[in-house]
There are 2 protein chains.
Amino acid sequence: MRKTKTPPPVDNGADSKAAEYKAALLRENRRVTSYDVAMVAGVSQSAVSRCFKPGASVSKSTYARVMKAAAGLDYIPNAAARSLITRRSNIVAVVISHTANLYYPEALAELSAQLTRRGKRVLLFTMQHEADVEQILGDVWQYQVDGAIVAAALSEEQVQEFERRRLPLVVFNRNLRGRTVNSVLCDQYESGRLLATRLTAAGHRQFGIVAGPDTSTVATERRNGACDKLHELGLPAPVVVTGQFDYASGARGLREILDRLGRIPDAVICGNDVMALGCLDYARHELSIDVPGTMSVAGFDAVEPSNWLSYNLTTLRQPIHNMALAAADLLTSLIETDGRLAEKRTFAPQFVEGATARLRPLGDDSLAA
Amino acid sequence: MRKTKTPPPVDNGADSKAAEYKAALLRENRRVTSYDVAMVAGVSQSAVSRCFKPGASVSKSTYARVMKAAAGLDYIPNAAARSLITRRSNIVAVVISHTANLYYPEALAELSAQLTRRGKRVLLFTMQHEADVEQILGDVWQYQVDGAIVAAALSEEQVQEFERRRLPLVVFNRNLRGRTVNSVLCDQYESGRLLATRLTAAGHRQFGIVAGPDTSTVATERRNGACDKLHELGLPAPVVVTGQFDYASGARGLREILDRLGRIPDAVICGNDVMALGCLDYARHELSIDVPGTMSVAGFDAVEPSNWLSYNLTTLRQPIHNMALAAADLLTSLIETDGRLAEKRTFAPQFVEGATARLRPLGDDSLAA
DNA sequence: TTGTAGGCGTTATCAG
DNA sequence: CTGATAACGCCTACAA
């Protein structure tokens with residue numbers, strides 16, 4: 001019985017009650033609970049609980065008394081206790097890898113903003129490599145989150161575990177082939193094809209490709225899209241090297257391409273913008289290659305720096321804002337409806353012309369779009 | 001009594017027990033609890049609990065039985081229930097503003113990594129403007145976090161509320177003057193002075209300053225440091241304009257300085273790197289100003305792009321990695337020891353020479369460091 | 001080493 | 001509208 005632990009409800013004025021309580025709480029190093037508020041306000045504990053539940057039926061007068069007592073004691077409901085019984089924590093797990101890729105911070109910022117707007121808090125799980133996701137999932141189960149947004153490649157079994165635990169899942173920016181999973185993504189394979197198409201249309205024939213790490217499905221899809229398209233067009237096989245999505249990889253990648261090819265390629269496609277910028281800077285400042293005069297460079301993502309005056313990179317924009325919006329919407333509706341249906345929302349990338357790739361055939365001086 | 005709700009412990013083989021249970025749980029849409037595991041394993045609930053508490057005394061055999069049953073049922077302890085009684089959630093709040101400032105994502109990545117390494121999860125609170133911090137604190141109280149790392153300006157009262165609630169707090173990269181608060185920071189005022197010192201030593205006399213928003217204490221300290229130093233040296237008053245820490249503000253700021261000054265200043269100090277890069281690009285590409293030949297440009301933070309070949313910005317590095325390490329250490333030790341003591345760990349900024357500012361007097365061709 | 005029983009702080013149910 | 005009372009799932013003396 002909790003009542004035996006708290007002082008008897010001596011009625012000697014509301015203010016002194018609050019003061020007395022504060023002192024007692026401090027002395028015993030206890031937390032302020034709804035029982036304390038109830039005692040000070042002279043109502044039952046359940047009445048206090050109802051006052052903090054929107055839309056519950058409480059009379060004006062008790063509501064006022066309770067709120068006054070609560071304010072006096074600095075009372076705030078305990079979310080852990082609440083979620084224990086309601087089976088809802090209002091916390092959402094966001095699993096994301098913190099690589100050098102500038103794309104992730106931008107996505108995270110958008111996701112956090114959108115989820116906050118919907119009253120969900122974000123429990124953040126970051127990892128160095130996508131392979132670390134397995135360890136992380138264990139923590140996700142523990143923390144009783146209402147759902148998860150995962151920006152990492154999940155195995156078949158991992159997806160099934162989400163289902164088994166009935167935990168709403170939205171996969172962000174990852175294409176899990178062969179699985180019916182809620183996901184929000186950009187068609188990376190198509191992006192790769194698109195870039196190859198635009199560049200070959202301008203007459204580029206010999207390509208270099210600085211792909212992202214093989215562990216990233218986004219990287220492999222972009223690379224495959226570009227390679228397949230080049231192959232279909234009967235162009236010479238591109239020189240493909242691998243980078244780590246960071247700035248330094250762009251320069252290293254170009255260096256390796258030049259070594260293996262023995263000459264400057266017509267165009268270099270990089271697996272993301274950051275590598276493209278590294279490649280571009282290295283070409284211009286270290287090798288004095290004229291871009292786009294002699295060689296074209298293009299990337300993916302349209303991260304902020306790609307748009308800066310020094311670069312104006314030719315790239316494919318991922319509509320991050322809309323993707324985050326879609327992911328937050330999808331997840332909240334899943335949570336609200338206990339929905340099981342799987343929806344895949346695919347966004348089209350937007351081509352950003354920029355000025356680092358020649359996009360018209362040589363000798364074509366027309367200004368036509 | 002929970003036992004009346006679960007099937008009687010008929011002993012008919014461990015495997016069928018698990019199967020029977022799984023079916024029952026699914027049917028009733030119940031969660032797997034330690035009671036279920038206990039029943040399947042044929043032990044008491046507390047035995048199960050002990051198996052999941054590191055360093056508890058359990059015999060090898062029961063441990064094995066329990067773990068087998070747990071695995072069969074996909075049991076994972078419920079963190080909410082655990083934190084209710086242990087009064088420890090292993091969750092830390094990180095409050096940070098997601099502005100265009102590239103510094104924050106980098107800091108967040110480091111903080112998350114360091115806290116994860118210490119077994120703490122990160123509950124992320126982002127805000128558009130630092131002024132929104134008040135609303136956010138309400139949520140922080142609710143979620144029973146073990147502590148908080150706040151990268152925003154807190155008022156006197158807000159700090160006191162942390163104390164009243166006995167919630168360990170580490171203020172990150174903010175100088176709360178007049179308060180004894182645990183904090184990890186870089187001396188921004190001194191940074192401003194240092195930059196002014198180095199630039200004036202090279203003979204620059206007329207300065208322009210693109211300061212960050214007045215709502216940011218970091219911005220005002222950097223500005224004041226630079227202005228005070230210039231004043232002490234008896235140099236002409238700098239033209240001070242205000243930006244929002246984003247790329248576009250750098251160009252706008254320079255434009256405004258030129259308008260108000262009527263000529264090109266000797267040097268422009270920008271409140272952070274991103275604005276400095278905006279200013280630099282605008283000067284070079286739009287105005288064809290020779291940097292650093294005609295005008296010097298410098299920033300603060302040493303964010304990644306400042307180091308790219310196109311820029312090689314003169315700036316002051318904040319040792320983010322060490323600061324995150326210090327913040328995580330400070331907070332965990334506060335949590336562990338219930339410590340009340342206030343410690344302020346101030347890191348010195350590191351000067352990055354770069355190549356966008358002339359750092360030697362005109363006519364001085366010496367190569368001395 | 002193991003089991004029993006009480007409590008953590010809340011919400012939900014159901015009489016009054 | 002209000003107040004008892006029973007969960008929610010776990011940890012932790014305490015006794016065996």
Side-chain angles (χ1 to χ4, degrees), chain A residues 1-6 9 25 28-39 41-66 70 73-90 141-144 165, chain B residues 1-6 9 25 28-39 41-66 70 73-90 141-144 165:
Chain A
M1 282 287 93
R2 191 177 277 96
K3 278 174 184 168
T4 65
K5 297 190 64 181
T6 52
L25 293 174
E28 302 177 30
N29 192 20
R30 293 198 299 117
R31 297 183 179 182
V32 185
T33 74
S34 51
Y35 277 93
D36 301 317
V37 177
M39 195 128 294
V43 298
S44 76
Q45 181 273 336
S46 24
V48 176
S49 175
R50 280 192 284 267
C51 287
F52 285 89
K53 178 184 176 168
S57 75
V58 212
S59 76
K60 271 290 174 201
S61 74
T62 54
Y63 181 83
R65 288 232 304 287
V66 166
L73 294 173
D74 285 326
Y75 168 76
I76 297 239
N78 180 322
R82 169 181 290 167
S83 76
L84 197 55
I85 185 127
T86 61
R87 296 152 160 263
R88 191 146 286 184
S89 61
N90 283 327
W141 311 141
Q142 272 195 32
Y143 280 97
Q144 310 303 118
R165 296 181 183 277
Chain B
M1 280 288 90
R2 191 177 278 98
K3 279 174 185 166
T4 66
K5 299 190 61 182
T6 53
L25 292 174
E28 303 176 29
N29 192 20
R30 293 198 298 117
R31 297 183 178 181
V32 184
T33 74
S34 52
Y35 277 92
D36 301 317
V37 176
M39 197 128 293
V43 298
S44 77
Q45 182 272 336
S46 44
V48 176
S49 175
R50 280 192 282 266
C51 287
F52 285 89
K53 178 183 178 169
S57 76
V58 214
S59 75
K60 272 289 175 200
S61 73
T62 54
Y63 181 83
R65 289 232 303 289
V66 166
L73 294 174
D74 285 326
Y75 169 75
I76 297 241
N78 180 322
R82 169 181 290 168
S83 77
L84 197 55
I85 187 140
T86 61
R87 294 150 162 263
R88 193 146 284 184
S89 61
N90 284 326
W141 312 141
Q142 271 196 31
Y143 281 96
Q144 310 303 119
R165 296 181 184 276

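Separating the CD1 atom of A/I76 from the P atom of C/dT10 is a distance of 11 Å, rounded to the nearest angstrom. Protein atom CD of A/Q142 is 13 Å distant from nucleotide atom C1' of D/dG9, rounded to whole Å. C/dG3 atom P lies 13 Å from atom OH of B/Y35, rounded to whole Å. When the P atom of D/dG9 is taken as reference, atom CZ of B/F52 falls 15 Å away, rounded to whole Å. Atom CZ in A/R30 sits about 12 Å away from atom C1' in C/dC8, given to the nearest Å. Here the P atom of nucleotide C/dA12 and the CG atom of A/L84 are 12 Å apart, to the nearest Å. As a whole-Å value, the separation of A/N90 CG from C/dT10 P is 16 Å. The distance from atom CG of A/L73 to atom P of C/dG9 is 14 Å, rounded to the nearest whole Å.
Across A/Y143 and B/A79, no two heavy atoms sit closer than the pair CD2-CB, 3.8 Å.
For DNA chain C, the neighbouring residues in residues 54-63 of chain B, judged by any heavy atom under 4.0 Å, are B/S57, B/V58, B/S59, B/T62.
When the side-chain nitrogen and oxygen atoms of B/Y75 are compared with OP1 and OP2 of D/dC10, one or more of them lie within a distance under 4.0 Å. For the pair B/S34 and D/dC10, the criterion of a side-chain N or O lying under 4.0 Å from OP1 or OP2 is met. For the OP1/OP2 pair of C/dG3 and a distance below 4.0 Å, the side-chain nitrogens and oxygens of B/S44 include at least one atom meeting the criterion. Not one side-chain nitrogen or oxygen of A/R82 sits closer than 4.0 Å to the OP1 or OP2 atom of D/dC8.
To the nearest 0.5 Å, atom CG of residue B/L84 and atom OG of residue A/S83 are 8.5 Å apart. Separation of atoms OG (B/S46) and OH (B/Y35) is listed at 8.5 Å; rounding is to 0.5 Å. Separation of atoms CG (B/D74) and CG (B/D36) is listed at 12.0 Å; rounding is to 0.5 Å. A distance of 9.5 Å separates CG of B/N78 from CZ of A/R87, quoted to the nearest 0.5 Å. Taken from CD in A/Q142 to CZ in B/R82, the straight-line distance is 5.5 Å, to the nearest 0.5 Å. Rounded to the nearest 0.5 Å, atoms OG (A/S44) and CZ (A/R50) are 6.0 Å apart.
Between the side chain of A/S89 and the backbone N or O of A/Q144, at least one donor-acceptor pair lies under 3.5 Å.
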Enumerate all atom pairs, one protein N or O and one N or O from nucleotides 12-16 of chain D, separated by less than 3.5 Å.
from	atom 1	to	atom 2	distance (Å)
D/dT12	OP2	B/K53	NZ	3.1

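Along DNA chain C, the nucleotide nearest B/A81 and the nucleotide nearest B/A47 are compared for position; the residue whose nucleotide lies closer to the 5' end is B/A47.
The number of heavy-atom neighbours closer than 6.0 Å to OH of B/Y63, taken from other residues, nucleotides and ligands shown, is 12 or below.
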